[in-house]
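Just below is one structure, and these are the notes that go with it.
Note that ligands are numbered from 1 as they come in the structure, with each ligand's atoms numbered from 1 the same way. One-based numbering along the sequence shown. This is a predicted model, so every value here is computed, not measured.
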Amino acid sequence: MSSVGEALAEARRLLAEAGIPSAALEARLLLARATGTRQETLLGWPERDVPAAARAAFDALVARRARREPFAHLVGTREFWGLPFAVSPVTLVPRPDSESVVEAALEAVPDRAAPLRLLDIGTGTGCLLLALLHELPHASGLGVDIVPAALELAAANAEALGLAPRARWRLRDAWMPGDAPADIVVANLPYIPEGEIAALEPEVAFHEPASALSGGPDGLDAFRAILPLLPRILAPDGRAFLEVGAGQAGPVEAIATGIEGLRVLPRRRDLAGVERVVVLAAGQIGLGNPASPA
Ligand SMILES: C[S@@+](CC[C@H](N)C(=O)[O-])C[C@H]1O[C@@H](n2cnc3c(N)ncnc32)[C@H](O)[C@@H]1O
C-alpha cells in the first residue's frame, strides 16, 4: 500500500522524465480518475492510502501517458465548445483552435432560430457540427467522414449530447447528388504536410491517425479535392468555414479563386492570432475579399 503523496511523487517523476510539461497536474488528474476521488481531495490528504487496485490502475495510466499517449485518450473525453466529447484513436482529439470555426460560423448567422442546414466535412468526433447544433436549436446537419469508426463516435457523441434527432452521419467524401444545399459548411480537413508529421509532438505523430492529419505533400490535397464541390453544395446565401494551418489561408484561397462560383470572404484569426479560418461563399470569384483581384 502506498500513500497519495508517494503515488503522486512517483508519477510526477515518471511523467516529467517522459517530457510532459504539466506532469504534476496530469499525475493528480490520473490519480483522481483511478481512485474515483476529486483532485482537490487528493491534494488535501496526501497521507491517505491508495487501495491496491486503484494503485495498479493508476500505474497503468501513468505508464501509458509516459509513452506519450494523449491524455484525452486515457480519460476518453475532451471538452470542446464547453461540451464533453468522447474521443478515440480513430480520429483527431478536438482542439481549441477549431472553436474559431464554430465562432466564425455563428457570427455569420443572422437568425439563430432559423432552420439552417449544416454540413461538416471530415466530422471526426462530430465536434464542429454538434457545437453548431447546440447553438442553433432549429438547425439540422449532416456529418461526413471517410472513417467508419469516426462516424460511430460522432453518432455516439450526438446521442450523449441529446442532439441525435437533428444529426445524420454518412460515410463518404462530401456530398451526393440529391442532397439539399447547405447553408453552412464547416470542415477541419487533414492539412499537415505529410513530411512534417514525424516531427510533431509524439502524442500527435504516433497516436493520432494519418487519415486525420496528412494533407499530402504540401498539406493541401483535401482542399483541392473538396473545394471544387462547394459551388454545388452551398445554398445561394451559404457560407463555408474551413480550418487551415498556419500560413495556409493564402494558398487555400488561391485554390478557391481558381474555382468558378466561389467567392472568398475575409479570413478569421484564432486566439493565438493565426489566420485559422478561410471563409467562402457561393458567387463570383474574389468579390468579397478586398485582398483578392476584383
Ligand atoms: C483533422 S480531423 C478533424 C475532425 C473534427 N472535425 C475536428 O475538428 O476535430 C479530419 C477528419 O477528416 C476525415 N477525412 C480525411 N479525409 C477526408 C475526406 N476526403 N473526406 C471526408 N473526411 C475526410 C478524417 O477521417 C478525420 O476524421
Heavy-atom distance to [atom]: which of [options] wins?
| atom | options | answer |
| --- | --- | --- |
| atom 26 (C) of ligand 1 | Asp97, Asp145, Val144 | Asp145 |
| atom 5 (C) of ligand 1 | Leu128, Thr123, Thr125, Leu92 | Thr123 |
| atom 6 (N) of ligand 1 | Ala150, Gly124, Gly122 | Gly122 |

Exercise. Does Pro190 have a heavy atom less than 4.0 Å from any atom of ligand 1?
Worked result: yes
For this session: Using side-chain contact (heavy atoms from CB on, under 4.5 Å) as the criterion, point out the one residue from Val244, Leu189, Ile255 that pairs with Leu220.
Result: Ile255
Exercise. About how many Å separate CG of Leu132 and CD of Glu103, when rounded to the nearest 0.5 Å?
Worked result: 11.0 Å
For this session: Supply the atom-to-atom distance Leu83 CG to His134 NE2, rounded to the nearest 0.5 angstrom.
Result: 4.5 Å
For this session: Say whether, by atom type as modelled, one donor and one acceptor occur between the side chain of Arg65 and the main chain of Glu69 under 3.5 angstrom.
Result: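 Checked: pair present.
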Exercise. Considering distance alone, does some N or O of Asn188 sit under 3.5 Å from an N or O of ligand 1?
Worked result: yes
For this session: Before accepting this row, confirm whether a basic side-chain N of the pair Arg166/Glu159 lies closer than 4.0 Å to the acidic partner's carboxylate O.
Result: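 The answer is no: the pair does not qualify as a salt bridge.
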For this session: Inspect the contact between Glu26 and Arg12 and indicate whether a charged nitrogen and a carboxylate oxygen are less than 4.0 angstrom apart.
Result: no
Exercise. Which of the atoms of ligand 1 are close to Cys127, meaning less than 4.0 Å from one of its heavy atoms?
Worked result: 7 (C), 8 (O), 9 (O)
Problem set entry | Per-atom contacts, ligand 1 versus Thr91 - under 4.0 Å to a heavy atom |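 So the answer, numbered in order with elements, is 26 (C), 27 (O).
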